[in-house]
Trainee: 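Okay, here's the structure, questions in a sec.
Here the structure is a predicted model, which means the values were calculated and not measured. Numbers for residues simply follow the sequence, beginning at 1.
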Amino acid sequence: MSDAPTEPNPTQAPVEPLRTHPASPFMRTESNVPPKVAGIPGPTPPAMRVQSTWVTYRSQIEIGLALLAYLMLLIGSVTLLRANPEASWRYIVAVVPVLPAALVVYLFVRRLAQTDELQKRIQTEAFGFALAGTALLTFTYGFLEGAGMPHLNWTFILPLMAVLWGVGTVIFTFRYR
């Protein structure tokens with residue numbers, strides 16, 4: 001054995017260092033954003049893209065009018081049902097407010113389809129939060145009813161879900177800010 005370096009085999013290609021490849025993890029990448037230094041603010045984030053005000057206001061007006069129609073038909077149907085408790089048409093009158101409620105759902109889904117990916121993600125996570133929160137609260141109250149608490153009407157479930165959806169929207173909007 002000798003201490004002399006061996007001659008490289010001329011038939012083999014030379015070995016390139018790892019940093020010569022563009023996708024190498026050993027290569028240092030440069031950023032065009034300057035680092036934050038204590039006391040010096042960093043670059044300002046890009047301004048949020050504002051959607052067209054007409055599209056936003058139009059969908060709000062449509063949903064608002066559909067909700068107004070729902071409330072008007074709800075009050076009318078409750079009044080008619082209380083005045084005529086034994087009428088043969090009471091079941092038809094009882095479900096009439098479902099029509100504008102279905103319109104609200106259609107308008108909301110149409111508006112949600114027009115939003116960007118971040119808003120879709122926020123709304124999906126907010127809905128999941130509302131669904132899970134409503135399930136936990138209704139199950140809990142169901143067990144409490146078995147222990148003697150008064151019975152609550154099912155019509156409180158949707159407003160509870162709407163409130164929790166609003167809370168979830170606020171939470172996830174700030175989370176992704």
Trainee: Counting only N and O atoms by type, is there a donor-acceptor contact under 3.5 Å from the side chain of Thr134 to the main-chain atoms of Leu131?
Mentor: no
Trainee: Please report the interatomic distance CD(Glu117) to CD(Gln119), rounded to the nearest 0.5 Å.
Mentor: 11.0 Å
Trainee: Give the minimum heavy-atom separation between Pro97 and Leu74, together with the two atoms involved.
Mentor: CG-CA, 3.7 Å
Trainee: What residues form a salt bridge (charged side-chain N to carboxylate O under 4.0 Å, His left out) with Arg175, not counting sequence neighbours?
Mentor: Glu125
Trainee: In the single-linkage hydrophobic clustering (I, L, V, M, F, W, Y; side-chain heavy atoms under 4.5 Å), do Phe172 and Val167 co-cluster?
Mentor: yes
Trainee: Would you indicate whether Trp89, at its atom CH2, is surrounded by more than 12 heavy atoms from other residues, nucleotides or ligands within a distance under 6.0 Å?
Mentor: yes
Trainee: Run the numbers on Glu62 and Arg111 for side-chain contact (heavy atoms from CB on, under 4.5 Å), then give the verdict.
Mentor: CA-CA 10 Å; Glu62 289 173 346; Arg111 177 68 180 125; over 6 Å; no
Trainee: So, for Arg90 and Pro85, which heavy atoms are closest and what is the spacing to 0.1 Å?
Mentor: CD-O, 3.3 Å
Trainee: State the CG-CD distance between Leu118 and Gln123, to the nearest 0.5 angstrom.
Mentor: 10.0 Å
Trainee: Report yes or no: do Leu67 and Leu65 belong to one cluster of Ile/Leu/Val/Met/Phe/Trp/Tyr joined by side chain heavy-atom distances under 4.5 Å?
Mentor: no
Trainee: Among residues at least two apart in sequence or on other chains, which ones pass ring pair (Phe, Tyr, Trp, His ring centres under 6.0 Å) with Tyr176?
Mentor: none
Trainee: Can you name the ring pair (Phe, Tyr, Trp, His ring centres under 6.0 Å) partners of Phe156, sequence neighbours left out?
Mentor: none
Trainee: Show the nearest heavy-atom pair for residues Thr138 and Ala135, with the distance to one decimal.
Mentor: OG1-O, 3.2 Å
Trainee: What heavy-atom pair brings Ala66 and Pro100 nearest, and what distance separates the two atoms?
Mentor: O-CB, 3.7 Å
Trainee: Calculate, to the nearest 0.5 Å, the distance between atoms OG1 and CG belonging to Thr124 and Leu112 respectively.
Mentor: 6.5 Å
Trainee: Are Leu107 and Val104 connected into the same hydrophobic cluster when the rule is that any two of I, L, V, M, F, W, Y join if their side-chain heavy atoms are below 4.5 Å apart?
Mentor: yes
Trainee: Please tell me if the side chains of Leu99 and Leu73 come closer than 4.5 Å, counting only heavy atoms from C-beta onward.
Mentor: no
Trainee: Which heavy atom in Val93 sits nearest to a heavy atom in Ser77, and how many Å separate them?
Mentor: O-CB, 3.3 Å
Trainee: To the nearest 0.5 Å, tell me how far His151 NE2 sits from Tyr141 OH.
Mentor: 9.0 Å
Trainee: Is there a path of hydrophobic side-chain contacts, each under 4.5 Å between heavy atoms of I, L, V, M, F, W or Y residues, that connects Phe127 with Phe108?
Mentor: yes
Trainee: Out of curiosity, Leu164 CG to Thr169 OG1, how far, rounded to the nearest 0.5 Å?
Mentor: 10.5 Å
Trainee: What distance do Ile75 atom CD1 and Met72 atom CE have between them, rounded to the nearest 0.5 Å?
Mentor: 8.5 Å
Trainee: State plainly whether one hydrophobic cluster holds both Leu71 and Val98, where clusters connect Ile, Leu, Val, Met, Phe, Trp and Tyr through side-chain heavy atoms under 4.5 angstrom apart.
Mentor: no
